[in-house]
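Positions are given from 1, in the same order as the sequence printed here. Being a predicted model, the structure only gives us computed values, none of them experimental.
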Amino acid sequence: METESEPYVRLATLRQLHQVMADMNTARSLADTLQTVADGVVTGLGYELACVNLVRPDGDLVVAAFSGNPAAEALITGRVGSRESWERRLTMGENWGDLVFIPHTEGWVLDDDDVPQWYTDGPAPRFEDEWHPCDRLFAPMYVPGAPGGPSGELLGVLSVDRPRNGRRPGAWGREALQVYAFQAAIAISNARLRANMQRALVRLEREQQALRASEESFRQAFEYAPSGMAIAEMGGDQHGRLLRTNDALCRLLGRPASAMRRYSFSDLVHPEDIGTLLRTSAEGGRAELRLGRRDGSYVWVSLRNSVVADAADGPRFLLTHVEDIEERKRRELHLAHRASHDSLTGLPNSAELRSRLSARLCRRAQPAVPGELGSLDAAYGHPAFDTGDHGFDAGDHGFDFVPGAPAYDAYDRHVHTIAPEDGRDDGAKGLAVLFCDLDGFKSINDRFGHNAGDAVLIEVARRLSNGVRDGDTVARLGGDEFVILADGLGRADAQDLAVRLRNEIIQPIRAEGRAVRVGASFGIGWAHCGMTADEVLKSADERMYVEKRSRPRQHRRAG
C-alpha cells in the first residue's frame with residue numbers, strides 16, 4: 001500500500017481495501033473466510049506475506065491460513081504455537097495502537113521458540129524506516145463486542161511481513177491494518193457462528209431423521225407385534241383411556257380398534273380382578289388378570305406396564321404389553337384343581353376341605369358371659385381392641401352376643417362362627433358339618449371288585465352334590481367317607497338335610513352291569529371359632545359313629 005503521501009490516500013486504494021473486506025464477509029465457510037483474510041492482507045494492504053494464527057479451544061494458536069508464498073504455506077500451515085509463546089510476543093516490542101511491532105534488534109530472542117515462523121531474504125536496511133527481513137508485525141484480533149478492545153478475548157493474530165514498498169508502515173498503513181484486523185475478527189466470528197449453526201442444523205436434521213426412523217420402527221414393532229400392545233393416557237380426566245391398540249390385542253379381545261378407544265383396562269377387566277389391576281404399579285407394574293372379550297367371555301392375560309414421555313417435559317403415556325396366558329392359566333388351574341380335588345370323584349379333597357373350613361374359623365376366646373360386653377377384647381381375641389379408645393358403644397350399636405348367632409367383630413371385620421346350643425332350637429343358624437360314612441361299601445368291593453366300588457363312589461358323590469345348595473361344600477375325606485359343609489343351618493335344617501341325603505344314597509346304583517345298594521350314616525357337628533378344622537371334623541366323626549352304633553345292623557344299609 002502506498003504511504004508516501006499520508007494522510008492523502010488514493011481512491012483506488014480505498015476501493016481495493018473495501019473490496020477485500022467485502023470478500024471476507026461473503027466467504028461461504030470458515031476455511032474460506034480465513035484464507036480470504038490472509039489473501040486480503042497481500043492484495044489489499046500491500047504486504048508480501050500474511051498468516052492467520054487462530055486460537056484453538058485449548059488456547060494454543062494454529063496457523064489456519066497463509067498467503068504470499070506457496071513454499072512457506074506448505075511448510076507452516078497447520079502447525080501450532082503455544083499460547084505462552086504468543087503472549088510473550090504480544091508483550092514485547094513497540095505498540096502501534098493495537099498493533100505490536102518487534103524490530104530485528106529485539107526479535108532475535110524469538111528465533112528458538114515454538115511459534116511457526118518463516119524468514120525472508122533481503123539486504124540489510126540502508127535508511128532508518130526501511131523494513132528489515134527479521135522485523136515482525138502482529139495484528140491481534142479480538143472477539144467483537146469485548147469491552148476495551150485488546151483487553152477482550154483473543155480470537156487470533158494476523159502476522160504480516162515485508163511491505164512491498166520496503167518501508168515500515170506509516171500512520172495510514174498502521175491504521176489500515178488495525179481496522180482490517182478488527183473487521184477480520186468480525187468476519188471470522190460470523191463464519192464460526194454460521195459454521196456452528198450449520199453443524200447444529202445438520203445435527204438436528206440427523207436427530208430428526210433418527211427420531212423419525214425410531215418412530216417408524218416403534219410403529220412397526222407396535223402394530224405388528226405378535227402379542228397385544230396398548231398406549232393409554234396418563235393423568236387428567238381421561239387417565240387410563242386407551243389411545244391406541246395394535247391388531248394383536250384387537251384380535252385377542254375380538255374388538256375393533258375404533259371401539260377399543262372408548263375403554264380403559266378397568267372397563268374391560270373381570271370384576272373379580274379389579275383389585276389386582278388397582279394394585280398394579282403404573283411404572284413397571286405387572287399383573288395377571290382376565291379381560292373381557294366382545295362375546296362376553298374372558299381371557300387370562302399378563303399385563304406389563306412402562307411409562308414413555310412424548311418429550312422431555314411433555315405428556316406421559318402408559319405403554320402396556322398384553323400377553324395371552326390362557327393356556328398356561330388353564331394348565332395351572334388344572335394342576336391346582338388336581339392338587340385340591342379328589343381324582344376319582346372330582347370333589348374337594350381332604351386338604352381343600354380343611355382349608356375351606358379353617359378359613360371360616362379363628363382362634364379366639366369366647367365371652368365369659370354370653371350376651372355381655374364386659375370383655376370385648378377377650379371376645380375378639382385382639383388385645384388392641386378397646387371400647388374406650390375406639391368409641392364403641394354396645395347400646396348405641398345394638399351389639400350383643402346372641403347364642404347360636406354369628407358375632408360381628410368390629411375390629412378385624414371377621415364374622416365369628418358360633419354353633420347353635422345343644423338342646424335348643426331357637427332359630428339360631430350356624431355352620432353345619434355333616435360327616436357321611438357309607439354302610440356296606442366294603443362288601444361291594446369284595447364281591448364285585450374295585451371298579452364297581454369306584455362306580456359307587458362316583459355316583460354317591462354326584463347325588464350328594466345334587467342334594468346340597470349352591471355354595472355348600474361336598475368333599476371326599478378318603479375311602480368311603482364324605483363331608484358336607486353347609487352354612488346358615490339350624491339344627492332341624494341340618495337333620496332334614498342328612499335325612500334327604502341318606503334317602504338319595506340308598507337308592508339302587510348301577511355298577512358293572514348290576515344294581516347295588518349302600519347305606520349311609522351321618523354325624524352332624526357344628527363349627528365355631530375357637531376350634532381347629534381337625535377338632536370340628538373329629539366332633540362330626542364321633543357323632544357319626546354314635547349314630548351308626550345306635551341303629552340296628554339290618555337298618556344300616558338298604559340291602
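- Open room surrounds CD on E84; 12 or fewer heavy atoms of other groups in view lie less than 6.0 Å from it.
- Counting heavy atoms of neighbouring residues, nucleotides and ligands inside a 6.0 Å radius, atom CZ of R79 exceeds 12 of them.
- In this structure the side chain of L319 reaches within 4.5 angstrom of the side chain of M229, judged on heavy atoms.
- Judged purely by atom type and a 3.5 angstrom limit, D273 uses its side chain to pair as donor or acceptor with the backbone of R290.
- Side-chain polar atoms of D60 and S82 form no donor-acceptor pair below 3.5 angstrom.
- Remark: F101 CZ to E106 CD distance equals 9.0 Å, nearest 0.5 Å.
- Between D58 and R56, at least one side-chain N (NZ, or NE/NH1/NH2) sits under 4.0 Å from a carboxylate O, which counts as a salt bridge.
- R255 places a side-chain N or O within 3.5 Å of a backbone atom of G292 that can act as its donor or acceptor partner.
- Between E205 and R212 there is a salt bridge, since a side-chain N of the basic residue sits under 4.0 Å from a carboxylate O of the acidic one.
- Looking at heavy atoms from C-beta onward, V307 lies in side-chain contact with L318 at the 4.5 angstrom threshold.
- Going from atom CZ of R199 over to atom CZ of R206 covers 11.5 Å, rounded to the nearest 0.5 Å.
- At least one donor-acceptor pair closer than 3.5 Å links the side chain of R164 to the backbone N or O of V42.
- With sequence neighbours excluded, the residues forming a side chain to side chain donor-acceptor pair (under 3.5 Å) with E352 are R356, listed by chain and number.
- Checked by atom type and distance alone, the side chain of N246 pairs as donor or acceptor with a backbone atom of S227 at under 3.5 Å.
- Taking the side chain as every heavy atom from C-beta outward, H132 and P103 never approach each other to under 4.5 Å.
- A donor-acceptor pair is defined here as one N or O able to donate and one able to accept, closer than 3.5 Å; such a pair exists between the side chain of D135 and the backbone of H104.
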Table please: side-chain donor-acceptor pairs of residues 175-184 below 3.5 Å, with sequence neighbours left out.
unit_1: Q178; atom_1: OE1; unit_2: D98; atom_2: N; d: 3.0
unit_1: Y180; atom_1: OH; unit_2: V37; atom_2: O; d: 2.8

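- Under the 3.5 Å distance criterion, the side-chain polar atoms of R174 are matched with a main-chain donor or acceptor of P169.
- Taking the side chain as every heavy atom from C-beta outward, V157 and L90 approach each other to under 4.5 Å.
- Classification of the W86-F138 ring pair by plane angle, with boundaries at 30° and 60°, yields perpendicular.
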Might you work through the salt bridge (charged side-chain N to carboxylate O under 4.0 Å, His left out) test for D113 and R88, ending with a clear yes or no?
CA-CA 10 Å; D113 68 6; R88 181 185 182 191; 5.3 Å; no

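- Taking a cutoff of 4.0 Å between a charged side-chain nitrogen and a carboxylate oxygen, E327 and R330 qualify as a salt bridge.
- For the pair R244 and F317, the NZ or CZ position fails the cation-pi test of under 6.0 Å to the six-membered ring centre and within 45 degrees of the ring normal.
- No side-chain donor-acceptor contact under 3.5 Å links T532 and D534.
- Between the side chain of R194 and the backbone N or O of S29, no donor-acceptor pair lies under 3.5 Å.
- With respect to the salt-bridge test (charged N to carboxylate O, under 4.0 angstrom), the residues D111 and R136 qualify.
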Is there a side chain to side chain contact (heavy atoms under 4.5 Å, CB included) between L303 and L277? Walk through the geometry before answering.
CA-CA 9 Å; L303 298 185; L277 181 66; 4.1 Å; yes

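- No side-chain donor from either of R89 and S85 sits under 3.5 Å from a side-chain acceptor of the other.
- At a cut-off of 3.5 Å, with distance as the only test, a side-chain donor of D267 or S264 sits close to an acceptor on the other residue.
- Taking CZ of R262 as the reference point, atom CG of L268 lies at 10.5 Å (rounded to 0.5 Å).
- Salt bridge absent: R219 and E215 never bring a charged side-chain N and a carboxylate O closer than 4.0 Å.
- Around the CZ atom of F127, the shell of radius 6.0 Å holds more than 12 heavy atoms that belong to other residues, nucleotides or ligands.
- Checking side-chain atoms of Q117 against main-chain N and O of L110 turns up a donor-acceptor pair under 3.5 Å.
- Between the side chain of S217 and the main chain of A213, a donor-acceptor pair closer than 3.5 Å is present.
- The minimum heavy-atom distance linking A38 with A65 is given by the pair CB-CB, 4.1 Å.
- At least one side-chain heavy atom of S159 sits less than 4.5 Å from a side-chain heavy atom of N53.
- Contact between I76 and V63 at its shortest, heavy atoms only, is O-CB, 3.4 Å.
- Using a 30° and 60° split on the angle between ring planes, W118 and F66 fall in the perpendicular class, above 60°.
- Proximity of Y47 to D161: side-chain heavy atoms (C-beta onward) are nowhere separated by under 4.5 Å.
- Closest heavy-atom contact between A248 and A225: CB-O, 3.5 Å.
- Residues A64 and L34 share a closest heavy-atom pair of CB-CD1, 3.7 Å.
- Closest non-hydrogen pair, A139 versus L99, comes out as CB-CD2, 3.5 Å.
- Checking side-chain atoms of S297 against main-chain N and O of R293 turns up no donor-acceptor pair under 3.5 Å.
- At a threshold of 4.5 Å between non-hydrogen side-chain atoms, the residues S306 and H321 do not count as touching.
- Around CD of Q209, the count of heavy atoms belonging to other residues, nucleotides or ligands within 6.0 Å exceeds 12.
- V269 is listed as a side-chain neighbour of L291, based on a closest heavy-atom distance under 4.5 Å.
- Closest heavy-atom contact between L155 and A185: CD2-O, 3.6 Å.
- Within 6.0 Å of CZ in R328 there are more than 12 heavy atoms belonging to other residues, nucleotides or ligands.
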